[in-house]
There are 2 protein chains.
Amino acid sequence: MTRLDDVAREAGVSASTVSRALTRPGMVSEATRSRVLATAERLGYRHHPAARALATGRAGLLAFAVASLANPFHAPIIAGAQEAAEEAGSELIVVVTDGSAAREEALFERLADRVDGFAAVGPAAPAARLAEAARRLPLVTLNRRVRGVSSVVIDTPGGMAGLGAHLAALGHARVAYLGGPEGSWLDRRRLRELRRAMPDAEIAASGPYPPEFDAGTRAFDAVAASGCTAVVAYSSTVLLGLLHRMTMKGLRAPGDLSLACADDLSAAGLAMPDVTALRVPGAEAGRLAVERLLDLARSSRPGTPAHQTLGVTLLPRASTAAPGRGAGTGRRRGDRERARPVE
Amino acid sequence: MTRLDDVAREAGVSASTVSRALTRPGMVSEATRSRVLATAERLGYRHHPAARALATGRAGLLAFAVASLANPFHAPIIAGAQEAAEEAGSELIVVVTDGSAAREEALFERLADRVDGFAAVGPAAPAARLAEAARRLPLVTLNRRVRGVSSVVIDTPGGMAGLGAHLAALGHARVAYLGGPEGSWLDRRRLRELRRAMPDAEIAASGPYPPEFDAGTRAFDAVAASGCTAVVAYSSTVLLGLLHRMTMKGLRAPGDLSLACADDLSAAGLAMPDVTALRVPGAEAGRLAVERLLDLARSSRPGTPAHQTLGVTLLPRASTAAPGRGAGTGRRRGDRERARPVE
DNA sequence: TCCTATCGTGCAAGCGCTTGCAGCTCACCT
DNA sequence: AGGTGAGCTGCAAGCGCTTGCACGATAGGA
């Protein structure tokens, strides 16, 4: 492996100059800089991360915690985070918490003095612990806001306003909400906002449902018994399961039941049936989280935590329509696009 | 942060002794060792990874490449890998290749002198490049075997023997195979083995299908047109989509079509309908890959590459039965469990 | 023309840990 | 009793990079 010295010797300068040419462009003359860069390039020089980490105190690593990798919702978030990290010359260590606060804290503990920052999607730990952790290490929470901790939140609760209005306008008065993991900061807010958006409707919340297909099939019975005319699910995977069970029973969307969900995975390359959903900027959220983390790491001074909120947009599709009254009667009122049964 | 010196001073020994007490238990006397350990514990000493990496030349990091995080098939594999890495005191850097050989090589290049080893699930790069990479850095391929590179393979092709026999015994003579990504080492072999296991049946292969729900819905038409009585999909996500579309059309499994897939995700905590599948030991594969990687890293000598194959077992479930002749006729021959239509 | 900023570069001291080597202390053997 | 080896421990030299400081050169002002 070529080292700094090799480049220095070859370019006829000292190692310090090479180091500066590579990282502090303004500190060396243009002439030497270009010569050094060319030499480095020619010799295929790559800095030794450990040596740099030892000298600077920065590891060039970031930790990124998610509850599960089996949930495709996280895929674009991680992809965005990874891209941002790569651009900044850092690597991402993705860790899985299984949604357990204990495991989350254990992982933080384990990684705290090995990485330059820690990001967590929907962390389960109590707010006080998170705030404490943030004092020790750059910390960013995604989809959860905690006093004293920088955060990036995809505003699906805010999206409930539009979605609720949409359903209300269609005439739905009884809506089922299929909720996410217990104690989810975001999920509580989604439900609250949905209720606020549909003050005249009855919202029957059930859950918690894990973000799995089968949870949706199980949810069907509760939904069917509730007499609701529309369903809002926090996860499209759950909704897919529900849709499947419905279809099994000979019911269709939107004829028999209107369907909507709070995350649109088609943006993640995961096409799914034509379901009304919220467009969630997952990749952007991941990217912003990493950028914030790097900001925090750069200015070792804690500073005031920044909270960012990413808006979502409603994607009205074929799975929602005015409440119907029986199987297979999806077609009504001439709106062909909207009334086409969902597959 | 407490350093080695702090512990040394506190314990009344030199830093070298502390270092040895911590990593080379046999080299210090029992008395000093326990004293040092207790002191380290009391002061909350944790070694500085960068310093250790610089001194030893080992980074304590492993790279793990997968094509996509949106594919839940990878979740247990990564989980197993992570667990093994954690036990060994290493961290895992999970990277996403999007199935592109170019990105794969770029990532390898980028990480090669930053990690102690590189594992790749179903790598897309040509065999020669992989062999070359293996000469440079400990490398393990999963679900692909390459001459000169250690590998761990989940033997789904082998599982096709049992699955084929199962279908043949039920009387299926026309079977559709829904194949995976183009150029997949494993997928080619699965198809070959399925054909070998059902020499008297006609196997209609189609694809490539990405591992997504919607790919399954698209696949339905091809399957329906083919006149097959059974479907074998490489991915359960694809099969889920197919099942959904079938149901939409009023068809049921196994009455109208028997269904089976090559990966069983219920082991990954992802319950899905009662589909005949192969139990795939994903977590074990991930774990073994990491252990092999660490072996290779320890014995800097390349040694002979080791190839491990993990067997799969057939999980016959309700989605396969003797070929039927019409919708809703799933119930036959008194086998209630087997004949229950799949939901 | 001499003095003083300014700019560019090199020197050398680390960053915290590991490890070859040397030295010391005993126990054991002859 | 002296010699010898084994068993522990400490010394010090790095691992490859960054960076404060000093120094020399150059340009500008007086």
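In the text below, chain A, chain B and the rest are named by the order of the sequence lines, each starting its count at 1. All values below come from the heavy atoms of this structure, side chains included, with hydrogens, waters and symmetry mates left out. A quick note: this is a predicted structure, and the numbers were derived from the prediction, not measured.
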Atom [atom1] of [X] to atom [atom2] of [N]: distance rounded to whole Å?
{"X": "A:Leu54", "N": "D:dC17", "atom1": "CG", "atom2": "P", "value": "12 Å"}
{"X": "B:Glu30", "N": "D:dG7", "atom1": "CD", "atom2": "C1'", "value": "14 Å"}
{"X": "B:Arg3", "N": "C:dC15", "atom1": "CZ", "atom2": "P", "value": "7 Å"}
{"X": "A:Asp5", "N": "C:dG10", "atom1": "CG", "atom2": "C1'", "value": "13 Å"}
{"X": "B:Leu4", "N": "D:dT9", "atom1": "CG", "atom2": "P", "value": "15 Å"}
{"X": "A:Arg58", "N": "C:dG16", "atom1": "CZ", "atom2": "P", "value": "15 Å"}
{"X": "A:Arg114", "N": "C:dG16", "atom1": "CZ", "atom2": "P", "value": "16 Å"}
{"X": "A:Met1", "N": "D:dG16", "atom1": "CE", "atom2": "P", "value": "8 Å"}

Below the 4.0 Å mark, does D:dT9 have OP1 or OP2 next to a side-chain nitrogen or oxygen of B:Thr32? yes
Option among B:Thr141, B:Val140, B:Leu130 that satisfies the side-chain contact (heavy atoms from CB on, under 4.5 Å) test with B:Ser151: B:Thr141
side-chain contact (heavy atoms from CB on, under 4.5 Å), paired with A:Leu310, selected from A:Asp155, A:Val152, A:Val280: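 Testing A:Leu310 for a side-chain contact (heavy atoms from CB on, under 4.5 Å) against A:Asp155, A:Val152, A:Val280 leaves exactly one candidate, A:Val152.
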Is the closest basic N to carboxylate O distance between [X] and [Y] below 4.0 Å?
{"X": "A:Glu30", "Y": "A:Arg33", "answer": "yes"}
{"X": "B:Arg129", "Y": "B:Glu104", "answer": "no"}
{"X": "A:Arg287", "Y": "A:Glu284", "answer": "no"}

Hey, can you pull the residues of residues 38-52 of chain A with a non-hydrogen atom under 4.0 angstrom from DNA chain C?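 Contacts with DNA chain C under 4.0 Å: none.
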Could you tell me whether the side chain of A:Ser184 and the main chain of A:Pro181 form a donor-acceptor pair under 3.5 Å?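 Such a contact is absent between A:Ser184 side chain and A:Pro181 backbone.
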Is it true that a side-chain atom of B:Arg52 and a backbone atom of B:Gly60 form a donor plus acceptor pair closer than 3.5 Å?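 No, the answer is negative, given that no donor and acceptor are paired below the 3.5 Å cut-off.
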Answer with yes or no whether the side chains of A:Thr97 and A:Ser100 bring together a donor and an acceptor at under 3.5 Å. no
Expected string for nucleotides 19-26 of chain C under the B/S/- scheme (protein heavy atoms, under 4.0 Å, primed atoms plus P, OP1, OP2 as sugar-phosphate) is BB------
One pair to check against side chain to side chain donor-acceptor pair (under 3.5 Å): B:Thr17 and B:Ser14. What are the steps and the verdict? CA-CA 5 Å; B:Thr17 301; B:Ser14 75; 3.3 Å; yes
